[in-house]
Amino acid sequence: MSNKKQTAVEWLRERINIRLTYEQEVLFEGIFDQAKEMDKQQKIEAYNQGYRDGENDASNIHLSIGDIEDYSNAEQYYKETYEASH
């Protein structure tokens with residue numbers, strides 16, 4: 001059992017696929033893939049902005065940024081949080 005989070009796009013895809021014919025599902029496949037990639041990029045951009053904001057806050061109040069550096073890779077964060085392990 002995976003502890004990965006399900007994205008909103010994946011949730012919607014599951015709900016819609018229940019009601020689609022095979023032909024309709026094939027037609028929507030590319031749309032869902034595009035939406036999932038857009039969602040991924042938005043999450044990565046938000047993560048990176050939060051990282052930058054946190055790093056700025058830490059340096060402004062003279063805190064160690066060690067904790068921030070532990071999570072500095074947005075792509076890795078996304079994979080660990082949302083992508084299913086193969």
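Remember, predicted model here, so these are calculated numbers, not experimental data.
- Screening Phe28, Phe32, Tyr22 for a side chain to side chain contact (heavy atoms under 4.5 Å, CB included) with Asn17, the sole residue that qualifies is Phe32.
- Distance check, rounded to the nearest 0.5 Å: CD of Gln42 to OG1 of Thr7 gives 11.5 Å.
- Of the N and O atoms on the side chains of Gln41 and Glu37, at least one donor lies less than 3.5 Å from an acceptor on the other residue.
- Heavy atoms from other residues, nucleotides or ligands lying under 6.0 Å from CZ of Arg15 number more than 12.
- For Tyr78, the OH atom sits in a packed shell: over 12 heavy atoms of surrounding residues, nucleotides or ligands are nearer than 6.0 Å.
- When the side chains of ILVMFWY residues are joined at heavy-atom separations under 4.5 Å, either directly or via intervening members, Leu12 and Tyr82 end up in two distinct hydrophobic clusters.
- Partner of Glu29 under the side chain to side chain contact (heavy atoms under 4.5 Å, CB included) criterion, chosen from Leu27, Asp33, Val26: Asp33.
- Atom CD of Glu14 and atom CD of Gln6 lie 4.5 Å apart (nearest 0.5 Å).
- Rounding to the nearest 0.5 Å places CD of Glu80 at 12.0 Å from NZ of Lys5.
- By the rule that hydrophobic residues join a cluster once side-chain heavy atoms approach within less than 4.5 Å of another member, Trp11 and Ile31 end up as members of one cluster.
- The shortest side-chain heavy-atom distance between Glu83 and Lys4 does not fall under the 4.5 Å cut-off.
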